[in-house]
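No experiment lies behind these values; they were computed from the predicted model shown.
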Amino acid sequence: MQPSITHPSRVGLILTGGGARAAYQVGVLKAISELLPRGAPCPFPVITGTSAGAVSAIVLASNAAHFRRAVLAIDQVWRNFEVSQVFKADTGSMLRAGLHWMLALLSGGWLVPPPHAVFDNSPLWALLRRHLDFEGIPLSLKGEHLRAVAVCATSYSDADSVAFYHASTQIEPWQRAFRKGVRVQLTLEHLMASLAIPFLFRPVMIGGQYFGDGAMRQTAPLSAALHLGAERLLIIGVREPQGHGPMQKTRPVEPTFGQIFGFMLDTLFMDQIVADIERMNSMNEGLPSPNGVERRTQRIESLVITPSKEIGDIARRHRRALPFSLRALLRTLGAQDSGGQQLMSYMLFERAFTRELIGLGYEDGIRRAAELRDFLQVRSSSRLRTGMRATRSA
């Protein structure tokens with residue numbers, strides 16, 4: 001018995017940022033792929049991604065004709081990740097970077113210029129250049145398996161959140177307060193700009209402007225997908241919505257730099273999208289139920305998938321998988337104890353950690369298979385039920 005799709009209204013997929021935590025999204029996508037027939041195209045004609053989520057967005061868009069094949073390609077990269085594939089973390093590189101910072105500080109920038117970032121992410125440039133096929137996006141658009149894909153970045157020049165998008169139809173660029181959409185032929189530069197976490201990675205120049213991580217000024221993270229024609233939204237986040245973080249203490253303890261920076265990244269990648277979902281739901285409550293063509297303008301349905309377990313706790317169990325030099329840096333920043341595990345979880349690009357997150361995402365997706373099936377309007381299958389029984393028994 002094969003599942004089938006009954007051509008639902010246009011569903012947009014939103015993949016948030018989150019560094020190494022984005023491995024969780026891969027697991028959810030794997031679960032979704034098992035809802036669909038073999039060889040089925042991507043069920044999301046509109047895809048938007050920010051920061052690490054933008055990587056998966058590009059892979060899905062470039063192979064939209066074969067959803068399961070695209071998910072498998074993402075899975076193969078994430079389950080074999082090492083920190084050395086993302087940024088230079090060997091002892092020599094870390095010592096050189098530390099010396100550079102020290103000389104710049106001691107000389108006030110006279111002997112050597114200030115560093116552009118804490119880490120050199122040239123390995124990530126090389127990795128993505130090998131594995132991504134941006135030329136596949138026009139083919140997906142031409143084959144009508146994709147309507148639009150966007151990656152979000154932040155302009156350091158005008159402080160706007162910019163959605164760089166490639167679309168098949170005449171979707172006009174838009175301009176709103178502190179956000180806009182720019183139609184482009186997507187390249188590795190656009191993706192790396194979205195991945196450029198402030199302080200950690202160097203900004204990227206595009207069209208005479210420098211851009212950084214897309215989450216920095218993303219006050220309305222759902223808007224790009226709606227501008228691109230999405231009528232319903234599936235949002236895969238990387239933090240549990242309850243907000244029970246590791247900073248809760250029985251007595252007040254002054255936070256370390258690592259805790260503060262981890263808290264900043266947590267806010268950067270997740271808080272805005274939670275607020276935007278709340279605004280959208282509040283608007284929906286005052287609107288009539290969707291009806292035919294009015295659905296896009298009257299009501300936006302959404303489904304949010306987030307981790308069922310605290311990812312910071314998982315990161316703490318795998319902290320020894322990090323290179324020694326990076327562990328030393330995190331220890332210096334106060335990010336190796338229970339209070340600093342948030343920062344560690346964003347930087348833990350090691351296979352032991354990413355594989356557990358992929359497994360968690362898959363389990364959460366299977367557990368919510370009925371919701372996903374209804375949202376995507378996919379009929380159930382014996383194959384899916386078998387997979388669910390196997391997951392429960394495991």
Side-chain angles (χ1 to χ4, degrees), residues 12-19 21-22 25 44 46-58 61 117 147-167 171-230 233-239 263-283 300 302 304 346:
L13 174 65
I14 296 179
L15 298 170
T16 65
R21 286 172 169 240
Q25 298 171 338
F44 310 106
V46 176
I47 306 171
T48 67
T50 300
S51 195
V55 179
S56 295
I58 292 296
R147 173 183 169 88
V149 58
V151 299
C152 300
T154 301
S155 170
Y156 282 108
S157 299
D158 54 23
D160 278 348
S161 174
V162 181
F164 293 108
Y165 72 92
H166 195 167
I171 299 175
E172 295 296 327
W174 63 89
Q175 177 80 54
R176 299 292 186 270
F178 304 113
R179 54 189 169 90
K180 60 187 176 184
V182 178
R183 191 181 189 119
V184 297
Q185 181 89 25
L186 288 171
T187 66
L188 182 58
E189 282 70 24
H190 297 102
L191 176 57
M192 292 302 297
S194 184
L195 289 163
I197 300 174
F199 302 114
L200 297 184
F201 301 138
R202 187 174 183 174
V204 177
M205 178 176 280
I206 301 173
Q209 296 185 41
Y210 280 102
F211 289 85
D213 195 285
M216 285 191 288
R217 297 282 292 182
Q218 203 174 37
T219 56
L222 307 183
S223 66
L226 300 178
H227 278 291
L228 296 174
L233 300 176
L234 175 64
I235 302 133
I236 307 179
V238 295
R239 193 195 72 184
F263 180 81
M264 184 197 77
L265 292 179
D266 211 34
T267 303
L268 191 71
F269 290 128
M270 195 61 190
D271 286 1
Q272 291 291 354
I273 200 161
V274 171
D276 208 18
I277 292 169
E278 290 180 350
R279 284 194 297 268
M280 183 182 67
N281 290 339
S282 296
M283 293 177 64
I300 303 296
S302 65
V304 183
Y346 289 105

Should His190 and His166 be marked as a side chain to side chain contact (heavy atoms under 4.5 Å, CB included) after you check the CA-CA gap, both sets of side-chain angles, and the distance that decides it? CA-CA 11 Å; His190 297 102; His166 195 167; over 6 Å; no
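- Applying the side chain to side chain contact (heavy atoms under 4.5 Å, CB included) criterion to Ala148, with sequence neighbours excluded, gives Ala167, Ile171, Leu228.
- With rounding to the nearest 0.5 Å, the separation of OG in Ser194 from CZ in Phe211 is 11.5 Å.
- Here the OG atom belonging to Ser155 is positioned 16.0 Å from the CZ atom belonging to Arg179, to the nearest 0.5 angstrom.
- Looking at residues two or more places apart in sequence or on another chain, you find a side chain to side chain contact (heavy atoms under 4.5 Å, CB included) between Ser302 and Leu233, Ile235, Met280, Asn281.
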Verify side chain to side chain contact (heavy atoms under 4.5 Å, CB included) between Leu191 and Val55, making sure each step is shown before the conclusion. CA-CA 7 Å; Leu191 176 57; Val55 179; 4.1 Å; yes
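- Distance check: Gln25 CD to Ser56 OG gives 6.0 Å after rounding to the nearest 0.5 Å.
- Of the residues listed (Ile47, Val46, Leu222, Leu234), the one engaging Ile14 in a side-chain contact (heavy atoms from CB on, under 4.5 Å) is Leu222, and it is the only one.
- Classified by interplanar angle (parallel below 30°, tilted 30° to 60°, perpendicular above 60°), the ring pair Trp174/Tyr165 is parallel.
- Looking only at atom types and distance, the side chain of Gln218 has a donor-acceptor partner in the side chain of Thr50 under 3.5 Å away.
- Checking Asp213 against Ser51 by side-chain atom types alone, a donor-acceptor pair falls below 3.5 Å.
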For the pair Asp158 and Lys180, evaluate side chain to side chain contact (heavy atoms under 4.5 Å, CB included) and give the outcome as yes or no after the intermediate values. CA-CA 11 Å; Asp158 54 23; Lys180 60 187 176 184; 3.3 Å; yes
